[in-house]
Structure formats: structure tokens, C-alpha cells
Amino acid sequence: MALNQKEKEQYWELRDEIRHMILSRLNDEQIISVTAGAGPVLCLAGAGSGKTTAMVYRIFHLLVFGPDYDPKAQPPDSVEAEDLDKLAGWLALPDQEGLSFRDLLTLIGQQGIPMQQILAITFTNKAAQEMRDRLEKLMGIPIQDMWVMTFHSACLRILKRESSQLLDYEKDFSIYDAGDQEQVVKEILRGLKLEDKQHSPRAYMSWISRQKSSLKLPAQNYTPTGNDFDQVAPLIYQRYQQALQRSNAMDFDDLLLQTVRLLKARPEVLAKYQSRFQYIMVDEYQDTNHIQYVFVNLLAQLHRNLCVVGDDDQSIYGFRQADIRNILDFERDFPGAKVIRLEQNYRSTSRILEAANQLVAHNKERKDKTLWTRNQEGDKLYCYKATDDQDEARFVYSRIQQTLAAGGSYGDHAVLLRTNAQSRVIEECFGVYQIPYCLIGGLRFYERKEIKDILAYLKFLSNPDDRVALRRIINVPKRGIGDSTVQRILEYSLQSGQSVYDAMNDREGLALSSRAEKAVSEFLSLIRELNERKTTENVTSLTDSILRRTGYWQELQSDESREGMDRIENLKEFMNKTGDYDQSHAEGSLAEFLGEISLITDMDMVGDEARHNAVQVMTMHMAKGLEFPQVFIIGLEEGIFPHFRSLYNETELEEERRLCYVAMTRAKDKLYMSCAARRSVHGRYQENPPSRFLTEIPDYLKDNFPPKTERSFAAEKKTRMAGIETSWDHWNAAGAAAAAGEPSSGNQITRTDPMGEDKKEAGFRVGDKVVHASWGQGVVVSVKQSGQGLSYQVAFPDKGIRDLLAQYAPLKKL
DNA sequence: TGGCTACCGGTTTTT
DNA sequence: CCGGTAGCCA
């Protein structure tokens, strides 16, 4: 029954009120960007100005009300009189109590943009995840149909969907990470007899990366005239790209480069994505490099509904060829763009904000901008000058303990580092004191040896051209195929133009010694068997077959060392992941699984809950876009931060300063900044003066940390020591009290952890201290139901958070 | 071919 | 401090 006129008017009023109520959560500038509708939009958003909020609401508004809200638009036909009560109910209780987003969509969403026509791009997986979380929370429904992802994931998805049309590549291509790339470059250097200090593989890798990110393809038939880096580099690039193509492999830069090439070469493919993505949003636009710029511009050309968000003060990826002109020239590239400035900061206390503003004002290359806040003044910055890096770590620990005692939770804290290597001391310290922490970034999940091994098997089964994978597995576990034999196979495959797999099959051509030939043919029959299994088995059982049939499993099981046990655990963890994959992808394929996993880091797999129950440790680069009540920035010393590579280069120094600005503006309530007089770097002690960034912040905004803390810390430490079995001898030297002290006051983690109260799943609960057969003591930080049954996320000293399955994991309560 | 020792050198930041 | 590897011997 359609609505009568009176009901219609009621409906219009209700709809308008709902929209109004949603928008009332935003400030005027945010509302302008949220409702800007069609056409190009440039949003210059300062730190903490609610730009993610603006983007999330912009998407939400597009989905529900469409780009061009018409208060008198006809209600959808399906709306009936009693639905008016539902809408009124939603107004009274907007937090999805009475009405889901889906209901809202059917009731008023007729003019909305369909989810699949939206593309939102971020820089890191973490930022993409954050945006997804917020969208899902706001809407109350999963958003699988929307592309919210990094540049690299978006490109990978396009390449996989268009795999029949690729230029220079076949469909099941591999993805090479930095390690794989290095292998390739090394092999090329070996071939050119250029293996010495003058020619570091990494330097060539970054040169090649620079070429690719400015869309430059390798020269054909290039001949160097000398041995200088500049002369050789183009040749290396040419051979490198050939090698990758022969292996049917792409590196990370290729994901973008090959996508752009594809879009340019195949107008019908470009047209498809151009028309699909009606609305495109790009976060952190100041950090796009040339090729990312081209990618976005290609896609946005048709509808021109491109909304970019960024802040020139937060440009920190210059080293990756981020080009700040992309954002500065946006208005030129998209004439008629609406320009919106978000300058009110909602995140930080006014002192934190002022300190950050004062710091970044030392940069010359910037647009002047006035970021302001109505937030409270808050505390001054806590500055601590530690005697050494361990003392600095203990400072962090003792401050965390203090907030915990005051009712805070671990997840409120973030420790921000300049380099990943700085995490070691923090991890050791947190391990000793049983602080659950979450190391974000660091190793990519599959960078552990045993994971790389099993992945290399999978890659080779998926892509018989993959030379790097073959090299890795051909003699692992040992099966008597030595280096010279491997060399022969690789060379012969080049000579004869066959895939490495076919080359191995070509006995006559290879002409190996009889012993080597026997070993190779045994390996081949193994591969053949696994290849057959590939067609019938899912990823998990294929992985299991590989581990059993190669003897890898057996070899590890006979290894009694701690390392061996770790590896077994890691492999089990890996099989959890494959299990999850198999369960959620009924039609999944090995190649798809490999693609998915290669862009994922460790932390993308840790549950939300786990993250919130642990101190977050990460580099400042990873922290961009995130916020925390309490932030520690450590290592503020000349040579560490600013990093020594940038000390004598004004441009790079300014980038370091922006990085510091980014780090400081992550803090909501409290900001701690510390330096150490002495720090161990590569096993040697280094003494660096405090960072200029500390002195650039005026004194009236800083408090030097009271020296009495050291003493109170000693007392505190005394009460905590007992009951902790982890080795902490090396901490003792610098520390105060001896181990003899009364037992710690019970289970302080359960006591202070608010989550511990209501989590009562079978076995363990959040906050329980547990012992793992091979990893020792840890703390349960979350419990969840996974594809494989109940699983625990447990924080271990030195290991960070691991996913463990309740039914298999050798866990005991402490 | 494989295992061992003794050196050397590297060391930003991300996908 | 760590990992990679050159060089040696079984």
C-alpha cells in the first residue's frame, strides 16, 4: 500500500530529520565535504581534524542519500505506512537498536549510490582496515562489495580479474617481495661478474623502484659504457624485468605499473573500471607518487567524482617518490574542484597540538596553516632523558603501569619508533614484565623461513616458471641437489627457453651426472604427485601433503631445539590461516590464496579485540592515520631521529620533522618523548645528543620527567619481579632491586583489564597468564571463534601476539 | 654435497 | 647484535 499525501509529507520530514541528525555529528567543514556530492573535491585536512570521519560519512551519505539530496524525492514504492514508525523509532534510538542500516537503505536509500560503485584507497592495510571497521560500525552491516583497500590490493584485484589480458604475464603470476627481488638482482650481478661492494643489490632495487614508480619501462638493448652505478643500473633494470617476466612474477611496484600499462593498452578494460567506480576517494593524497597519481587519474577520468584528502605537513613518503605536487596541483588537474579545509583538531589536548605546531613551523617548505582545538589544555609533554635504551624502555613500562593502576588499559598506549630495529629493547622489556603488546609491521607474516619454504612450494606448484621459488625448495629438505646442479638447471632453462619445470624434465638437454640426475628425478616425481593433488585438494590439505611428502614435517619433528618447535608452531599457525581461507572461499584457488597473503602483514591478521588489549608498538610511518590516548615517542636522538641518513640534507630533514609532527599528533591525552644518553646500535654503544626536535619544542610546553621516578620505579620493580621466570639477567645490571621480594599483588592483568570481567569462554579468558609448551609464558589478550573452532590470541615475550587454536595449542594456565 | 667456523657488513621509513 | 657467506674439510 503506497503512502498517501499526508504520509508522504511525514516521510519527507522524517527523512530530513534523520539526515540532519546524522550530519549533526559533524562540523560545518566536514558537512561540506560529506555533502559535496558529484565532481572533484579536495579536502585539506590537518592532523586529527576528523578526516577519516569525513570520508566515512561521505561514503555513508552517498550510499543512503545519494550525491544530490532532494528532500522531496519520492519514497521507494516498498515503503508503507507502518515504516514511518520504524523511521521515527530510529530517530529516537539511532544506534541500530531499532533499525538496521539495511532497513534504512531500503526505506530511504533509493537515490543512493550502490556500494560496489565506490572505491576508497588508503596507503596501509592498517588504514584500510580502520576505514572498513568504521564503515561497518556506522552501518551495522558488512561491506564486502565496496573496494576499501590499498593501492596495491586494488591493483592486484584488477590484475587477477583481467588475468586473461595481461601484458607480458600469464595468469597465475607470483608476487615477489623484497627478499625475492634481492635474489633476482644478485643472480644478475653474478652473471655480470659485478659482485662487490660497489654494486649493492639494494641500491639497484631502489633505483629500479624509482624507475617503476615514475612509469619508466626498461630500455631495450641498452649497452653500458662503463662500470659505474649509473651506467650499469639501466642494464640491471632491463635484465631484472626480463628475469621477473621469465618467472612470471611481479614485484610490488609491478602491481601498479602493470595495472597502469593494462589500463592504457586495453581501452575496454579501462572503460569497465571507469564506469564501475562512480565515486573514488583517496586518503593521504600528499603521499601518492607519480604512478599512483596516474592510476587514480585514469580511473577518475570518466565520472570525475574524485575526492582526495591530505595534508602537506604529513607527507612522509618522499623516499618512495611521493610527490607533493600531486596534492598542490589538484585544482589545476581538476578545474572546478571544491576545496575544503578541515582545521579544527578534535584529537589532542591544546598543549600537544601547540607543541606539534611549533615543531613543524621550523619547516620552510610548507603552506601556512592554522590548526586549532577546543580541547582541554592537558598536561605538558613528558620528556625523559634516559641513561640508556634499556632505561628508556623501563620508563615506558613504568608509565604504562601507572596508567593501568589508574584504571587505563594496555590498548590505550602506543610506542612509536623511527626504525623497526628499535622494537627489540621494548619487546624484551615488555616480555620481562609481562606486558601484552602487539608489534605492528615488522616482519611480513610469511617472511619467517619455514613459512617462506612452504610458500615457495605452493608458489612453484601454482606457477612452474617461478625460478626464485624453485631455487628455494629444490634442496629443502636436503635431497642431494647441490648448487652446481641448480645452476645448471637455471641456465639450461634460459638457454632452451623453457620454464624451469620443463627444463628439469628435459634429461637429455640437462646432461647431469647420474647421481644428480637421480636426485632431480626424485624431486620431479614428488612435484608431479603434488601437482595432481593440487587439482583435488584445498590449500590446507595440499600444504599438509607437502609437509608430509617432502619430509619437511618429519625433519622438524626430530629437531628438539626450541627453534625447531617454534617452526612447527609457525607452520601450524600457517595452516590455521589456510583453514580460514578454505572455509571462507568454497571456490578458492591456490593462486588466489597466494595473492591474498602476499600483501598482508602479521598484524593484519590479529583480531581487533587483541589489538585493544595490548600496547601497540609500531613505526611512526605505520601510525599515520591512527590515534591513541597515550603515545610514547622514543629514541629522540640526533642520528636516530632525525635519522643519520637525513642529517645533512635539508629536504630529508624536513621530512623527518614532518614525521615527528605526525607522531606527536597521534596522541590524544598524553605525549611522552624520550631520548637515551647511550644506546646500543648493532651491538655497539653509541652516544648521541638529544634530538633537535626536542629543543625545537619550546620549554613552556615540556616537563622534564621528575627524577624521583627512578627510585619509585625501583620499588615497583621489586614487587613485580617474583613469579616471573623469564630470563631477565641482563636487565638486572641496569636495574635496581634484586629478585628477592614478596610475590606480586596477584594477577594484576586480570584485575586491571576491563575485558577480563565478561569474557568467560571455555578454557581461558582474557587476561589469563598461560604457558605454551614451546613459547613459554604469555598473556591471553582475546578469545574468538575462528573457522577452526575456538582460538586464543596470546601475547608472548619476544613473539608478539600469536593466534592459537584451543583444540591443538599446548597451553596450560599458569 | 654438506657441515662447520670465522669473518664481515649492514642498518629507514611501506606495499 | 644478527644474518649471510667464503673457505675449508669430511
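Computed over heavy atoms, backbone and side chain alike; hydrogens, waters and symmetry mates excluded. On a predicted model such as this, the values are computed, not experimentally measured, just so you know. Naming convention: chains lettered A, B, ... in sequence-line order (proteins, then strands); numbering from 1 in each chain.
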| query | Which part of the nucleic acid, if any, lies within reach of A/Arg684 when heavy atoms closer than 4.0 Å are counted: base, sugar-phosphate only, or nothing? | reply | nothing

| Any side-chain donor paired with an acceptor under 3.5 Å for A/Asp453 and A/Tyr552? | yes

| task | Give a yes/no on whether any side-chain N or O of A/Asn475 is located under 4.0 angstrom from OP1 or OP2 of B/dT1. | result | no

| field | OP1 or OP2 of B/dT1 under 4.0 Å from side-chain N/O of A/Thr485 | value | yes

| task | Check whether any side-chain nitrogen or oxygen of A/Asn125 sits under 4.0 Å from OP1 or OP2 of B/dT14, and answer yes or no. | result | no

| field | Pi stacking test for A/Phe151 and B/dT15: under 5.5 Å apart, planes under 30° | value | no

| note | Of A/His643 and A/Lys478, the one whose nearest nucleotide on DNA chain B sits closer to the 5' end is A/Lys478

| Is a salt bridge present between A/Glu522 and A/Lys518, judged by a nitrogen-to-oxygen distance below 4.0 Å? | yes

| query | Does OP1 or OP2 of C/dT5 have a side-chain N or O of A/Lys186 closer than 4.0 Å? | reply | yes

| Below 4.0 angstrom, N of the basic side chain to O of the carboxylate: do A/Glu427 and A/Arg424 qualify? | no

| task | Select base, sugar-phosphate, or nothing to describe what A/Ser153 touches, counting heavy atoms under 4.0 Å on all strands. | result | nothing

| query | Phosphate oxygens OP1/OP2 of B/dT14: is one of them under 4.0 Å from a side-chain N or O of A/Asn289? | reply | no

| Pairwise 5' ranking along DNA chain B for A/Gly480 and A/Glu652, keeping only the more 5' one | A/Gly480

| task | Flag the pair A/Asp180 and A/Lys452 as a salt bridge only when some basic side-chain nitrogen lies within less than 4.0 angstrom of an acidic carboxylate oxygen. | result | yes

| request: Ignoring backbone atoms, establish whether A/Ser200 has a side-chain N or O less than 4.0 Å from OP1 or OP2 of B/dG10. | output: no

| Nearest-Å distance for atom pair CZ/C1', residues A/Arg210 and B/dT14 | 16 Å

